[in-house]
Amino acid sequence: MISQTLREARKFEEASEKLIKKEDRPAFHLSVRTGWLNDPNGFGWYQGKYHLFYQYHPYSSQWGPMHWGHAVSSDLLHWEYLPAALAPDEFYDRDGCFSGSAIELPDGRHLLMYTGVSKERQKNGSFCDVQTQCLAVGDGMDYEKYENNPVLDEAVLPKGSSRFDFRDPKLWRQDDGTYCCVIGNRSADESGQVLLFTSEDGFHWQYKSVLAANKNRFGKMWECPDFFSLDRKQVLLASPMDMLPQGFEYHNGNGTLCLIGSYDEASCTFADEAHQAIDYGIDFYAPQTILTPDGRRVMIGWMQNWDTCSIHAPEKLWFGQMSLPRELSIKNGRLYQAPVRELEQLRHNKVEYRAVPVCGTVSLEGIKGRKVDMELTVRPESREKLYQKFAIRFAQNEEYRTSVSFRPHEQTLKIDRKFSGSRRAIIHQRRCRVSSGDEALKLRLILDQYSAEIFINDGEQVMTATMYTEKEADSISFFADGKAEIDVVKYDLS
Ligand code: FRU
């Protein structure tokens with residue numbers, strides 16, 4: 001049975017979507033059907049298609065009572081909208097169906113696990129969100145909430161853990177047919193922890209362990225955890241709130257964290273050996289991963305950040321897009337990311353230049369556009385003669401530009417979207433430390449109308465930022481203070 005609330009949302013989104021022109025959306029990134037989108041949810045492969053759900057408020061381009069939007073794709077790049085899957089329509093989720101995940105059950109049904117939110121009046125008159133874990137079962141189109149919801153609530157929490165910050169279950173099926181999930185939680189020390197739960201059938205859940213504790217090292221509460229093995233290592237991803245900056249690695253506010261380490265089966269705990277940011281740009285948060293049928297670990301994130309949402313004018317009909325799906329691997333103890341290989345099928349109009357000297361500003365015939373895949377190698381004249389600065393400027397016209405610039409002496413790469421039409425005093429620039437100072441720098445820049453994703457040195461680091469510059473601003477140019485030499489291979493994407 002589909003509730004009235006969900007029926008209304010479905011009716012609304014169908015009508016409202018028609019008001020948004022296709023050409024005003026990104027071409028190969030999933031954007032919200034209408035209204036507001038945040039985290040990716042329920043990402044997975046189900047009955048021959050990739051399914052991607054998302055945190056969704058259809059009725060305005062601002063965050064509101066959370067629904068789950070829904071889309072499917074066969075190549076992770078072209079998405080088709082399906083009707084909204086979940087609406088806040090039960091006593092345990094009346095204030096929102098928050099983030100969660102999905103798997104296929106052995107009998108072919110699709111199981112969604114999400115956080116139900118209901119406000120509770122406190123003694124001082126204020127309201128707090130009580131968060132519990134809930135299930136819904138469906139066929140890839142319609143979902144029915146489980147009669148015994150919620151399946152996990154405060155009763156299972158370790159002593160001192162908060163029932164107000166207990167969210168974002170990520171579940172998976174083990175080789176032996178049993179189920180596990182990790183959930184973000186605020187611990188007694190006011191910081192974050194990731195809890196591990198197990199189940200025989202996907203419906204009855206037991207608390208297992210504190211898989212990992214933040215101990216106030218990386219921000220406070222950890223949102224949207226994900227846990228998987230990759231290249232013989234164990235990886236824990238989380239999106240910490242309230243970060244303090246650490247050098248060029250982490251920035252203030254909501255950030256992303258990748259912990260690489262090992263899992264101890266006896267104690268059901270994870271020990272981290274290395275840590276790093278997942279994305280070094282401005283807009284990337286709450287990623288979720290899947291294992292594709294051909295064995296790739298693919299991650300997709302919300303291409304925005306809570307701290308910079310005001311970049312968008314509220315009167316616009318839509319706000320929110322996902323990042324490119326990225327293939328993950330571990331090399332030299334670090335997380336590497338590459339755009340999914342499916343992207344190569346979208347390439348056409350190849351334009352190539354070799355050994356072009358750049359000194360001052362250079363534009364190259366055929367190099368422009370807002371839906372672009374561009375590979376660039378930048379070399380100094382010699383190791384002794386480094387240029388001061390090299391920049392690529394894009395989404396550019398007389399008025400606007402966004403840029404990526406590299407300073408080899410400082411070994412820093414900077415993304416700057418200050419001149420992209422934003423009217424808000426928010427963060428518009430961010431830098432990251434790049435290891436290859438005096439050697440060739442390799443960049444792959446992917447533009448899709450309103451976003452730039454920069455894969456640095458074969459994906460050793462990534463910087464992501466959105467820019468809502470008018471799309472007629474489509475020039476690209478190169479600049480060097482000093483002498484640089486570049487190789488460029490550029491494709492249009494569609
Ligand atoms: C992360 C998050 C989640 C929560 C959802 C609410 O961006 O805050 O922790 O489930 O968004 O929309």
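Every number for a ligand or one of its atoms is a count from 1 in the order of the listing. What you are looking at is a predicted structure, and each value in this text was computed from that prediction instead of being measured.
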Problem - N-O pairing of Arg167 and Asp129 below 4.0 Å - result: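 Looking at Arg167 and Asp129, the cut-off is not met.
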Handout entry: Between Gln55 and Asp39, a side-chain donor and acceptor under 3.5 Å
Key =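 No, no side-chain donor-acceptor contact under 3.5 Å.
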Can you list the atoms of ligand 1 that are under 4.0 Å from a heavy atom of [X]?
X	value
Met66	12 (O)
Asp168	3 (C), 4 (C), 9 (O), 10 (O)
Tyr285	1 (C), 7 (O)
Gln55	5 (C), 6 (C), 12 (O)
Ser99	5 (C), 10 (O)

Exercise for the section: Could you name the option among Asn254, Asp39, Asn305 that has the heavy atom nearest to atom 5 (C) of ligand 1? Expected result: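 The residue whose heavy atom sits nearest atom 5 (C) of ligand 1 is Asp39.
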Exercise for the section: Select one of side chain, backbone, both or neither to describe which atoms of Thr115 lie under 4.0 Å from any atom of ligand 1, heavy atoms only. Expected result: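 None of Thr115 does.
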Can the ring centres of [X] and [Y] be said to be less than 6.0 Å apart?
X	Y	result
Phe197	Tyr207	yes
Tyr143	Phe53	yes
Tyr450	His312	no

Exercise for the section: Name the closest protein heavy atom to atom 8 (O) of ligand 1, giving the residue it belongs to and the distance to 0.1 Å. Expected result: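 The closest one turns out to be Glu223 OE2, 2.8 Å.
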Sequence neighbours left out, cut at 3.5 Å: what donor-acceptor pairs do the side chains of residues 24-32 make with other protein atoms?
| unit_1 | atom_1 | unit_2 | atom_2 | d |
| --- | --- | --- | --- | --- |
| Asp24 | OD1 | Lys471 | NZ | 2.8 |
| Arg25 | NH1 | Ser31 | OG | 2.8 |
| Arg25 | NH1 | Val32 | O | 2.6 |
| Arg25 | NH1 | Tyr81 | OH | 3.0 |
| Arg25 | NH2 | Val32 | O | 3.4 |
| Arg25 | NH2 | Arg33 | O | 2.7 |
| His29 | ND1 | Asp448 | OD2 | 2.6 |
| His29 | NE2 | Glu453 | OE1 | 2.5 |

